[in-house]
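The figures here come from the full heavy-atom set of this structure, side chains too, leaving out hydrogens, waters and symmetry mates. In what follows, chains are A, B, ... by sequence order, proteins preceding strands, each numbered from 1.
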Amino acid sequence: MKIMPRFRFAPSPTGGLHIGTARTALFNWLAARSMKGHLVLRIEDTDVKRSKGFYEKSIIKDLEWLGLEWDEFYRQSDRIKIYREFAQKLLDQNKAYRCFCTPERLEKLKKDQYAAGKMSKYDNRCRELSPSEIEKNLKEGKKFAIRFKVDTDREITFNDLIRGSIVFNPDTIGDFIIIKSDGTPSYNFAVVVDDGDMKITHVLRGEDHITNTARQILLFESLGFRQPFFAHLSMILGRDGSKLSKRHGATTISEFREEGYLAEAMANYLSLLSWSPGDNEEIFSIRDVVDRFRIQDISRSPAIFDVDKLKWINGIYIRKKTPEELADLCMPYLIRDKIISREDKENPEVMRKILRGAKAFRDNLKVLGDFPFYMKDFFSDVITDYSAESIEVLRLDTSKVVIGSFLKVLENRYKSFDNSIDIDLNEEQCRELINLVAENLKEQKIKGRLLYMPIRVSLTGKTHGPELPDVISIIGLKNSIQRVKQTLEYIKSNSL
RNA sequence: GGCGCAUUCGUCUAGUGGUCAGGACGUAGCCCUCUCACGGCUAAAACAGGGGUUCAAAUCCCCUAUGCGCUACCA
């Protein structure tokens with residue numbers, strides 16, 4: 001009978017969800033789903049000093065945001081009793097022992113060994129303590145940790161699903177601590193007890209754990225657990241090839257979310273780090289790729305995190321959104337940058353402007369956080385300044401003709417409205433206005449750049465921006481007239 | 001220092017003994033176009049180095065170099 005594969009993702013809540021950790025989570029999810037197995041989320045919070053409840057919350061939020069779900073949930077701090085029971089068992093079987101060495105002695109031992117050019121490892125001093133000595137130490141109330149007896153007789157070997165056979169010499173491993181003197185389990189011990197107890201079949205984790213695997217295999221055997229399959233993922237590095245850290249910019253999922261990356265884009269990009277679907281496809285939903293995911297296909301070499309490629313992918317997902325969806329997604333950023341206020345959400349005038357802006361700038365956007373920057377100028381009633389290039393445009397005689405004609409067209413259109421009617425033009429209606437100007441100036445052979453540039457500058461004071469009909473529809477007819485008049489005034493007062 | 005892992009264009013990768021070494025990001029140029037984007041086309045760009053094995057090696061073996069990780073009563 002085939003047993004159901006069980007995967008686990010085991011973050012420690014000592015910080016937010018890091019990019020590398022998120023990728024590990026994603027790959028575990030992908031592997032579990034592709035093998036129709038279960039995914040266990042286990043919070044490894046045995047380090048009481050560094051673990052924080054709000055980090056746990058933040059990690060869970062980010063995991064959910066990425067679209068990863070799990071089937072079971074555990075917290076190591078809820079299981080302290082279990083670890084102690086297993087440790088006691090090992091003690092009873094003489095596979096572990098109490099170590100009364102002080103941190104000071106251990107520190108000195110390590111220093112001396114390192115100075116002698118040796119690998120630091122525990123010298124097994126407390127291993128052969130007599131029962132009476134132990135009794136005495138205990139009576140004196142001396143603090144102790146529990147160490148595991150490492151059998152140095154045979155080499156430790158395992159077959160990594162990604163890297164193949166890996167061999168360790170047990171001589172390099174000293175008797176290590178499984179229960180700290182405060183009664184909490186050490187990382188290696190808690191992991192093995194949990195993986196064994198939870199019947200984990202596949203341990204898919206970061207490369208930084210390869211060396212730990214040797215210790216853990218010893219523990220699996222001593223505890224009588226069946227050994228799971230191991231697979232170690234390579235690291236994700238920063239631009240310069242060093243470990244990804246703060247100085248490379250954002251490193252946690254929540255930071256990227258705040259900058260305006262979409263969950264789909266993030267998950268898509270992360271899946272491309274050390275894995276590829278084989279064909280030349282790069283844009284896909286992680287759900288669609290589950291069937292194609294195989295642990296064996298994961299690459300062995302480390303990957304450098306490339307923000308530019310992430311941005312490219314993010315842009316693609318932004319372009320897949322409807323203007324309505326995009327406007328909605330951008331709202332928090334507009335509020336954050338004080339382009340609009342929270343109350344403006346109830347203002348149809350403002351919302352209309354944002355919706356049209358979302359449509360107009362969708363192709364330009366790489367991250368949502370840039371949207372306020374694009375929209376800023378359109379929320380002012382006046383043109384705040386004229387760029388150097390736009391002043392050059394205004395100097396042309398034909399430009400003055402164009403702007404004059406444009407103003408007339410706008411004013412005529414404005415008059416056509418009954419005062420009681422809401423004055424609002426959509427892009428199509430705006431396009432008609434521009435065509436009208438083009439029609440009027442046809443005889444004077446003003447067209448193309450000579451025609452469109454002055455219109456653009458008269459409205460925005462810039463030579464760049466979205467398509468002209470979009471510009472007018474965002475600004476609105478009334479304010480367009482106001483802005484064109486401002487430009488005419490500007491030409492006059494600067495005698496351009 | 002010891003132990004472990006890795007090494008294909010600048011970057012992410014395809015490739016598992018015979019390929020003009022493919023794709024993508026980025027870069028450059030062209031096209032589209034009032035501009036910026038988007039889109040389309042094109043170009044430059046790689047098997048870390050040295051030894052083997054083989055008729056044949058990016059692919060298999062060894063050595064060197066480089067990078068990364070671990071070397072805690074952190075996880």
Side-chain angles (χ1 to χ4, degrees), chain A residues 10-14 44-47 49-51 76 99 101-103 106-107 110 113-122 143-147 160 162-163 166-169 171-174 176-188 190-191 206-214 232 234-235 237 239 241-243 269 272-283 299-313 315-316 319 360-366 374 389-390 393 434 447-457 460 462-468:
Chain A
S12 58
T14 54
E44 309 221 320
D45 56 350
T46 52
D47 184 344
K49 283 191 278 297
R50 295 201 301 147
S51 298
Q76 286 189 328
C99 171
C101 292
T102 61
L106 262 16
E107 189 60 36
K110 190 161 61 172
Q113 283 169 333
Y114 195 82
K118 282 191 194 145
M119 181 186 173
S120 89
K121 89 182 215 196
Y122 182 58
K143 286 201 144 206
F144 67 89
I146 300 177
R147 276 184 196 272
D160 192 289
I162 296 173
R163 287 153 211 279
I166 297 176
V167 181
F168 293 98
N169 178 354
D171 283 333
T172 60
I173 306 169
F176 56 91
I177 287 174
I178 54 175
I179 299 285
K180 301 179 240 174
S181 57
D182 65 1
T184 60
S186 73
Y187 163 75
N188 279 306
V191 163
E207 186 187 44
D208 44 342
H209 290 293
I210 290 185
T211 348
N212 286 325
T213 309
H232 290 92
S234 57
M235 303 271 97
L237 274 18
R239 256 248 163 266
S242 68
K243 201 174 154 184
Y269 177 67
L272 251 19
L273 254 27
S274 296
W275 182 78
S276 98
D279 50 24
N280 285 329
E281 221 181 313
E282 291 199 294
I283 303 301
S299 150
R300 285 170 299 277
S301 43
I304 289 174
F305 190 82
D306 182 6
V307 189
D308 283 337
K309 187 140 183 174
L310 207 213
K311 278 193 177 152
W312 172 72
I313 292 180
I316 289 176
R319 269 169 253 133
F361 288 113
R362 189 171 50 176
D363 287 352
N364 297 64
L365 270 190
K366 288 247 193 297
Y374 286 110
E389 295 104 312
S390 62
V393 170
I434 292 166
K447 55 180 181 177
R449 197 185 163 82
L450 244 33
L451 169 68
Y452 294 107
M453 242 343 142
I455 296 179
R456 173 177 296 287
V457 170
T460 64
K462 304 220 162 33
T463 52
H464 303 310
E467 290 188 30
L468 241 19

Whole-Å P distance, B:G49 and B:G10: 12 Å

Roughly how many Å is it from OH in A:Y269 to C1' in B:A24, rounded to a whole number? 11 Å

For B:G26 and B:C61, measure between their P atoms and round to the nearest Å. 37 Å

Would you indicate whether A:K462, at its atom NZ, is surrounded by more than 12 heavy atoms from other residues, nucleotides or ligands within a distance under 6.0 Å? yes

With sequence neighbours left out, write down each residue that passes ring pair (Phe, Tyr, Trp, His ring centres under 6.0 Å) with A:Y269, or none if nothing qualifies. A:F305

Can you list the residues that meet the side chain to side chain contact (heavy atoms under 4.5 Å, CB included) rule with A:R300, with sequence neighbours excluded? A:I162, A:R163

Give me the distance, rounded to whole Å, that separates B:A24 from B:A14 when you measure between the C1' atoms they each carry. 11 Å

Checking A:E467 now: which residues fulfil side chain to side chain donor-acceptor pair (under 3.5 Å) with it, not counting sequence neighbours? none

Find the partner of B:C3: check Watson-Crick (N1-N3 plus N6-O4 or O6-N4) and G-U wobble (N1-O2, O6-N3) distances, both under 3.5 Å, and reply none if neither fits. B:G69

Roughly how many Å is it from CD1 in A:I283 to C1' in B:G23, rounded to a whole number? 13 Å

Measure from the side-chain heavy atoms of A:I166 and tell me the nearest of B:G4, B:C12, B:G22. B:G4

From the candidates B:G22, B:C34, B:G4, the one with an atom nearest any side-chain atom of A:F168 is B:G4

Please enumerate all residues that pass ring pair (Phe, Tyr, Trp, His ring centres under 6.0 Å) together with A:Y122, with sequence neighbours excluded. none

If I pick the P atom on B:A44 and the same atom on B:G22, what distance separates them, to the nearest angstrom? 11 Å

Base, sugar-phosphate, or nothing: which does A:R449 touch, judged by heavy atoms less than 4.0 Å apart? sugar-phosphate

So, using salt bridge (Lys or Arg N to Asp or Glu O under 4.0 Å) as the criterion, who are the partners of A:E389 when residues are at least two apart? none

How would you list, by chain and number, every residue that makes a side chain to side chain donor-acceptor pair (under 3.5 Å) with A:R239, sequence neighbours excluded? A:D306

For A:R300 and for A:E282, find the nucleotide of RNA chain B with the closest heavy atom, then tell me which residue's nucleotide is more 5'. A:R300

Taking atom P in both B:G18 and B:G40, what distance in whole Å separates the two? 33 Å

Between B:A6 atom C1' and A:D160 atom CG, what is the distance in whole Å? 12 Å

Base, backbone or nothing for each nucleotide of nucleotides 38-45 of chain B, written B, S, -, heavy atoms under 4.0 angstrom, 5' to 3'? SS------

Taking atom P in both B:U13 and B:C9, what distance in whole Å separates the two? 11 Å

Rounded to whole Å, OH of A:Y452 lies from P of B:C32 at a distance of 16 Å

Please report the distance separating the P of B:U11 from the corresponding atom of B:A46, rounded so that it comes out in whole Å. 12 Å

So A:E467, base contact, sugar-phosphate only, or nothing? Heavy-atom distance under 4.0 Å. base

With nearest nucleotide decided by heavy atoms, which residue, A:D308 or A:L365, maps closer to the 5′ end of RNA chain B? A:D308

Nearest-angstrom distance from the residue atom CG of A:L468 to P of B:C34: 10 Å

So do the side chains of A:T463 and A:V457 get within less than 4.5 Å of each other, counting heavy atoms only? yes

Using the P atoms only, state how far B:C38 lies from B:A21, rounded to an integer number of Å. 32 Å

At 4.0 Å (heavy atoms only), tell me whether A:V167 reaches a base, stays on the sugar-phosphate, or touches nothing. sugar-phosphate

Nucleotide forming a Watson-Crick or wobble pair with B:C74, both distances under 3.5 Å: none

Give the nucleotide from the list B:U13, B:C25, B:U11 with an atom nearest to the side chain of A:I304. B:U11

Classify the nucleic acid contact of A:I455 as base, sugar-phosphate or nothing, counting any heavy atom under 4.0 Å across all strands shown. nothing

Nucleotides 68-75 of chain B: protein proximity per nucleotide (B base, S sugar-phosphate only, - neither; heavy atom, under 4.0 Å): SSSSSBBB

Give a yes or no on whether the backbone of A:Q76 and the side-chain of A:E44 come within a donor-acceptor separation of less than 3.5 Å. no

Could you give the CH2-to-P distance, from A:W275 to B:G23, as a whole number of Å? 20 Å

With sequence neighbours left out, the residues meeting ring pair (Phe, Tyr, Trp, His ring centres under 6.0 Å) with A:F168 are none

Length of the line joining A:K309:NZ and B:C12:C1', which is rounded to integer Å: 5 Å

Please tell me if A:S274 has a side-chain N or O lying less than 4.0 Å from either OP1 or OP2 of B:U13. yes

From CG of A:D306 over to C1' of B:U11, roughly how many Å is that when rounded to an integer? 5 Å

Would you say the side-chain atoms of A:K180 pair up with the backbone N or O of A:D47, donor to acceptor, closer than 3.5 Å? no

Need the pair for B:C38. Rule: Watson-Crick or G-U wobble, both distances under 3.5 Å, any strand; none if unpaired. none

Are A:D182 and A:T184 linked by a side-chain donor-acceptor pair shorter than 3.5 Å? yes

Using Watson-Crick or G-U wobble geometry with both distances below 3.5 Å, tell me the partner of B:A14, or none. none

Is there a Watson-Crick or G-U wobble partner for B:C9 with both distances under 3.5 Å, and which nucleotide is it? none

